[in-house]
Novice: 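Just dropping this structure here.
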Amino acid sequence: MNRGFSLVELSIVLVILGLLTGGILAGQSLIRASELRAVSTEYQRYAAAVNTFRDKYFAIPGDMSSATSFWGKNATDCNAHSGSAATPGTCNGNGDGAITDAAGAGLTGERFQFWKQLSLAGLIEGTYTGLAGSGGANHTIIGTNGPSSKLGSGGWTVVTSVSPFVGNTTFYAGEYLNHLRFGAASATGASHTALLKPEEAWNIDTKMDDGKPATGRIIAMYWNNLCSAADDGTHSELDLVASYRLTDSTPQCALNFTKAF
């Protein structure tokens, strides 16, 4: 004779399923929290590496005008530079204190030699091409010409902005100077596609800075009612009293760690 499950048995199964589901969700939350902490750790590691490089070589990586004297030149990408050919070799910068883009897609640029020279100096892990990606003069390919992050598809790039930067439809106005930028990959530009939920960006900003998207040393991207909200009702690149849009549960933010070195 066929016998079905009793109510007690069904209840036990439902309890077990509930515990398993709760455990999975809790585990995912813990993993995400660990990834968010990694962003702060990565930034601190790269900022420290740059300062160590500058103390040792009296120059900023990528911008260093005598880099080929230490690591040889990449004869394919910068044959006219001084020094002997070496593999992998590097290319010199112009020594003006700013980090510039490549001349075009696939070419050497200070923005990309920055990571390569930090690696050649033994200050960061990874191997980097020192060349712009195929998408343009500032195209960052995460893991190839710039470092990846432990947080999902995130990556880092380095940028110099004129000071004071007047702002635009993506960036708040402010003093960015030489800074590190964190976000997801772009098909043609730097790694600044939105990756973080506003609450996640707020979490990082609060722990490391002032918790505000438009002020301090961490400045968020995508101000126009995406990553941040205008507390005074007016969205603008000059709206320095904005706050993170914590009610939005979708990835809307990338972060600029300004005045990093």
Side-chain angles (χ1 to χ4, degrees), residues 34-35 37-102 106-133 138-160 177-183 185 190-192 204 208 217 255-261:
S34 175
E35 291 175 337
R37 288 194 297 271
V39 175
S40 302
T41 301
E42 289 164 358
Y43 165 73
Q44 292 164 351
R45 182 187 306 133
Y46 295 141
V50 174
N51 287 327
T52 299
F53 186 102
R54 187 164 52 185
D55 288 344
K56 183 175 182 178
Y57 299 106
F58 307 102
I60 296 172
D63 182 58
M64 184 179 182
S65 60
S66 59
T68 57
S69 298
F70 290 90
W71 301 291
K73 68 178 179 182
N74 183 322
T76 300
D77 301 315
C78 48
N79 189 51
H81 291 201
S82 62
S84 302
T87 302
T90 186
C91 299
N92 290 327
N94 60 18
D96 67 353
I99 302 295
T100 56
D101 292 339
L107 301 178
T108 183
E110 293 182 359
R111 178 191 292 236
F112 307 106
Q113 294 294 337
F114 176 92
W115 301 109
K116 187 173 187 178
Q117 290 172 15
L118 283 176
S119 175
L120 289 171
L123 297 174
I124 64 171
E125 297 178 350
T127 301
Y128 305 101
T129 65
L131 309 176
N138 63 354
H139 183 208
T140 298
I141 302 175
I142 294 173
T144 298
N145 59 9
S148 60
S149 171
K150 290 184 179 180
L151 194 153
S153 57
W156 293 87
T157 190
V158 60
V159 189
T160 296
L177 303 178
N178 291 332
H179 62 282
L180 297 176
R181 187 176 298 163
F182 176 79
S191 53
H192 59 220
I204 294 170
M208 298 184 66
R217 296 184 70 92
L255 294 176
N256 295 292
F257 294 76
T258 69
K259 307 172 189 175
F261 52 90

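From a predicted model like this one, the values you see are computed outputs, not experimental measurements.
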Novice: Rounded to the nearest 0.5 Å, what separation is found between the CG atom of L123 and the CG atom of L118?
Specialist: 6.0 Å
Novice: So do the side chains of N94 and E110 get within less than 4.5 Å of each other, counting heavy atoms only?
Specialist: yes
Novice: Taking only residues two or more places apart in sequence or in another chain, which ones pass side-chain hydrogen bond (donor to acceptor under 3.5 Å, both in side chains) with T160?
Specialist: N178
Novice: Do M64 and I60 make a side-chain contact, defined as non-hydrogen atoms from C-beta onward lying under 4.5 Å apart?
Specialist: no
Novice: What's the spacing between T157 OG1 and I99 CD1 if we round to 0.5 Å?
Specialist: 10.0 Å
Novice: Sequence neighbours excluded, which residues qualify as side-chain hydrogen bond (donor to acceptor under 3.5 Å, both in side chains) partners of Q117?
Specialist: T90
Novice: Does the side chain of P88 come within less than 4.5 Å of N74's, by heavy atoms?
Specialist: no
Novice: Does any part of the side chain of F70, heavy atoms only, come nearer than 4.5 Å to the side chain of S66, both counted from C-beta?
Specialist: yes
Novice: What's the separation between atom CZ in R111 and atom NE2 in H139, rounded to the nearest 0.5 Å?
Specialist: 11.0 Å
Novice: With sequence neighbours left out, write down each residue that passes salt bridge (Lys or Arg N to Asp or Glu O under 4.0 Å) with K259, or none if nothing qualifies.
Specialist: E175
Novice: Hey, does the side chain of D101 reach the backbone of N138 with a donor-acceptor pair shorter than 3.5 angstrom?
Specialist: no
Novice: Are L151 and F182 side-chain neighbours, meaning at least one heavy-atom pair lies under 4.5 Å?
Specialist: yes
Novice: Do you know the tightest heavy-atom contact between S191 and T140?
Specialist: N-CB, 3.9 Å
Novice: What residues form a salt bridge (Lys or Arg N to Asp or Glu O under 4.0 Å) with D77, not counting sequence neighbours?
Specialist: none
Novice: Name every donor-acceptor pair, under 3.5 Å, that has one atom in a side chain of residues 43-53 and the other anywhere in the protein, sequence neighbours excluded.
Specialist:
residue	atom	partner	partner atom	Å
N51	OD1	R54	NH2	2.9
N51	ND2	A47	O	3.2
T52	OG1	A48	O	3.0

Novice: Rounded to the nearest 0.5 Å, what's the gap from CG on L255 to CZ on R217? Could you check?
Specialist: 14.5 Å
Novice: Just verifying a value: how many Å separate K73 NZ and S84 OG, rounded to the nearest 0.5 Å?
Specialist: 7.5 Å
Novice: Can you name the closest pair of heavy atoms from I141 and N145 and give their distance?
Specialist: N-OD1, 2.7 Å
Novice: So which atom in A86 and which in G72 form the shortest heavy-atom distance, rounded to 0.1 Å?
Specialist: CB-CA, 3.8 Å
Novice: Calculate, to the nearest 0.5 Å, the distance between atoms CG and OG belonging to D96 and S65 respectively.
Specialist: 10.0 Å
Novice: Heavy atoms only: give me the nearest L120-G89 pair and the separation to one decimal.
Specialist: CD1-O, 4.1 Å
Novice: Is the distance between the ring centroids of Y128 and F112 under 6.0 Å?
Specialist: no
Novice: Where do S40 and I204 come nearest, in terms of heavy atoms and distance?
Specialist: OG-CG2, 4.1 Å
Novice: What is the minimum heavy-atom distance between S149 and V39, and which atoms define it?
Specialist: OG-CG2, 4.4 Å
Novice: I'd like to check the side-chain hydrogen bond (donor to acceptor under 3.5 Å, both in side chains) partners of H179; sequence neighbours left out, ordered by chain and number.
Specialist: R181
Novice: Does T108 form a side-chain hydrogen bond (donor to acceptor under 3.5 Å, both in side chains) with Q113? I'd like the steps, not just the answer.
Specialist: CA-CA 7 Å; T108 183; Q113 294 294 337; 3.0 Å; yes
Novice: For F257 and W156, I'd like to know if the aromatic rings sit close, meaning centre-to-centre distance below 6.0 Å.
Specialist: yes
